[in-house]
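Residue numbers count from 1 along this sequence.
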Amino acid sequence: MQCLNPLVASFFLIVILILPAGAGAEEATAGSGQAPLQEHTLDLHTAQCLALSGNPGIAAAQERVAQARARLRQAMATWRPSVDISAGGAHQRFSDTSFALNRRIAAATGQELDQSSMHYTGGLQATWLLFDGFFRRFNEERAQAAQFAEEEALNDSRRLLAAAVAQAFLNTQLAQSSIDIAQASRTFYEKQLANAKHRYEVGAGAWSDVINIQVQLNNAKAGLLGHERELEAAEYGLASLMGLKDAILPPHLQLAHLQLANLQLPHLQGAGLGNTVKESSEGADSSSAAEEAREASVLIAEAYALRPDVQRLEHRLQEAGALAGMAKASLYPQVRLAGALEGRREDDPPVNSADYGSTVGVNMSWNLYAGGADKARMVEAGHVQREAAYSLAALRNQIAADIRASLARMAEARTQVRLQQETLQLVEENRRLAENAYNEGEFALIQLNEAQRELTTSAGRLAQAQVGYQSARQQLLEASGRILEPFSETQNCLPQQ
């Protein structure tokens, strides 16, 4: 048998050695591709981005925008002529009496007549509306304003969704923080229970201490179970807003833990409002109050320009003005240019030019009286305009109130965060001293339990204060119209791994 070429043999040997390693590398790659997703942390920004791109309500609002665009194209089509084609065929049979009479007439003129015959017609008609009292112009303006209003309604739905996701996310973080606090309390009592049992066994402690600590441990476990159910319910609500299937957070999205609140407004610093939220103090002078009022006025003015619901009502007001113009169109005549090409032939369809005739003309119609309907339409349009104007004014007032209230809530929440931080440090030190004193026999167990309850309560209040500040911050961003600034329509919410 002929020997293999050494180069070919070397090639096959290399392939045999590489294939198993390549398969293992693919398995490692597949495994590493899942690991980053499992370790991905779901923060507030990512949750809002996922909701804006996956919530069915946003998709429904996008469909309403598409409908408005289609209605605008319908309104624009009325400027062009309308062309119709028609064709028909009919079978005709004369009655015996009519046929006898018509046959005698035809015989007198030397013609033949059949009792049954076929008649074919064909035609082409064109109509062009030349003038309609400016109805088409105002109708197009109305449709365009309605389209813009629907686009702003879509943006407003996104703004409200982002705010709702923020509140749901913060509530979920608060529930998660409550679990962490409850777990810390359980761990503390488990440690104390073990120490109490050891002291009782060596004769240095009372059995009542063991029972008391066991009761406290059971209470901590019961509280932990309740907080876990609260977290589960909060996660369902958050997942529903995010548009996730079956309203369940996937296992690779782990909720970020609540961290120390950032007491600044990064989205507002660009407008010179980095110090908008000031810590309240009794000695604040009139200049500080005037500065806060000025900054609130700036935020309100920016909200009037940024808020999509304000833009939507402004477009609705324009739409109402166009409706008023459409209502006045009935006061003018309508002028149409019409043309027709008609053909008729018996026995065979009309196919030759000799079978066709044409008509061209201009028609004018003018309604002089319609029972007062024209005036009623104009009165209705006027009321629609005034309603839109009043609604816009009411919304502006509401925006101003929301911004001022959000600023007040942020100032109060900021102070609460700092006070609770200081209180937690003091309570932690007090619990440490109480624990040491109890271990040395200087304090009774009831004093240690009281110190532990104060620590748990203070930790919960700090978490609530942090969530309250973040909530007020998100409400201010929503009220000022800046909550959507970090997002775009095509943004990829999850980082590429």
Side-chain angles (χ1 to χ4, degrees), residues 41-48 162-185 223 227 230-231 234 238 255-284 288-289 291-293 295-296 299 402-432 451-480 482-483 486:
T41 300
L42 179 64
D43 56 10
L44 175 57
H45 177 85
T46 303
Q48 289 174 320
V165 170
Q167 297 304 319
F169 185 87
L170 292 172
N171 290 336
T172 307
Q173 280 191 322
L174 180 59
Q176 189 178 63
S177 298
S178 299
I179 289 178
D180 296 337
I181 296 171
Q183 288 176 342
S185 180
H227 292 310
E230 293 176 0
L231 175 61
L238 177 61
L255 193 70
H257 288 271
L258 182 64
Q259 298 179 353
L260 182 62
N262 180 16
L263 304 182
Q264 298 294 330
L265 291 179
H267 297 302
L268 303 181
Q269 288 179 355
L273 299 174
N275 297 322
T276 297
V277 181
K278 295 181 174 63
E279 185 175 1
S280 59
S281 60
E282 298 180 356
S288 298
E291 182 67 17
E292 291 179 358
E295 292 173 344
L299 273 176
D402 290 344
I403 288 179
R404 297 184 189 278
S406 297
L407 289 173
R409 283 192 295 268
M410 286 192 67
E412 187 271 338
R414 184 180 187 182
T415 304
Q416 285 286 352
V417 169
R418 292 179 172 174
L419 289 176
Q420 294 302 328
Q421 287 174 346
E422 181 181 354
T423 301
L424 183 60
Q425 293 176 357
L426 296 175
V427 173
E428 285 178 343
E429 178 65 16
N430 184 56
R431 204 284 303 271
R432 186 184 65 82
Q452 175 61 25
R453 282 193 293 270
E454 289 182 359
L455 177 60
T456 302
T457 303
S458 297
R461 288 175 178 173
L462 176 59
Q464 292 176 353
Q466 292 174 345
V467 169
Y469 180 84
Q470 296 289 0
S471 177
R473 180 178 181 274
Q474 291 296 322
Q475 290 175 3
L476 179 60
L477 291 174
E478 174 199 357
S480 62
R482 293 180 173 271
I483 196 170

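Interatomic distance, CZ of Arg453 versus CZ of Arg431, reported as 13.0 Å (0.5 Å rounding). Once rounded to the nearest 0.5 Å, the distance linking CG of Leu299 with CZ of Arg482 reads 7.5 Å. Summarising the geometry, atom CG belonging to Leu407 is positioned 13.0 Å from atom CZ belonging to Arg473; distances are rounded to the nearest 0.5 Å. Remark: Asp402 CG to Glu478 CD distance equals 7.5 Å, nearest 0.5 Å. For the atom pair CD of Glu295 and CD1 of Ile403, the computed distance is 12.5 Å after rounding to the nearest 0.5 Å. Note: Leu426 CG to Gln421 CD = 12.0 Å, rounded to the nearest 0.5 Å.
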Decide yes or no on side-chain hydrogen bond (donor to acceptor under 3.5 Å, both in side chains) for Thr46 and Asp43, but give the supporting numbers first.
CA-CA 5 Å; Thr46 303; Asp43 56 10; 2.5 Å; yes
Would Gln452 and Ser185 satisfy side chain to side chain contact (heavy atoms under 4.5 Å, CB included), going step by step from the backbone distance to the final call?
CA-CA 8 Å; Gln452 175 61 25; Ser185 180; 3.6 Å; yes
Side chain to side chain contact (heavy atoms under 4.5 Å, CB included) assessment of Leu455 paired with Leu424:
CA-CA 7 Å; Leu455 177 60; Leu424 183 60; 3.7 Å; yes
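Nearest heavy atoms, Thr172 versus Leu255: CG2-CD2, 3.1 Å. The nearest pair of heavy atoms linking Ser458 to Thr423 is OG-CG2, 4.0 Å. Closest approach of Tyr469 and Met410 over heavy atoms only: OH-CE, 3.5 Å. Scanning both residues, Leu44 and Ala166, for their nearest heavy atoms gives CD1-CA, 3.6 Å. Across every non-hydrogen atom of Ser177 and Leu258, the tightest pair is OG-CB, 3.2 Å. The nearest pair of heavy atoms linking Ala256 to Gln176 is O-OE1, 3.3 Å.
Take Ser406 and apply the side-chain hydrogen bond (donor to acceptor under 3.5 Å, both in side chains) test, not counting sequence neighbours, and it matches Arg409. With sequence neighbours left out, the side-chain hydrogen bond (donor to acceptor under 3.5 Å, both in side chains) criterion links Gln464 to no other residue. Every residue meeting the salt bridge (charged side-chain N to carboxylate O under 4.0 Å, His left out) condition with Glu429, not counting sequence neighbours, appears here in chain and number order: Arg432.
Between the side chains of Gln474 and Gln470, not a single donor N or O lies within less than 3.5 Å of an accepting N or O. One side chain, Ser471 or Gln167, offers a donor N or O that lies under 3.5 Å from an acceptor on the other.
Asn430 has its side chain within reach of Glu454: a pair of non-hydrogen atoms, C-beta onward, lies under 4.5 Å apart. In this structure the side chain of Ile483 reaches within 4.5 angstrom of the side chain of Gln48, judged on heavy atoms.
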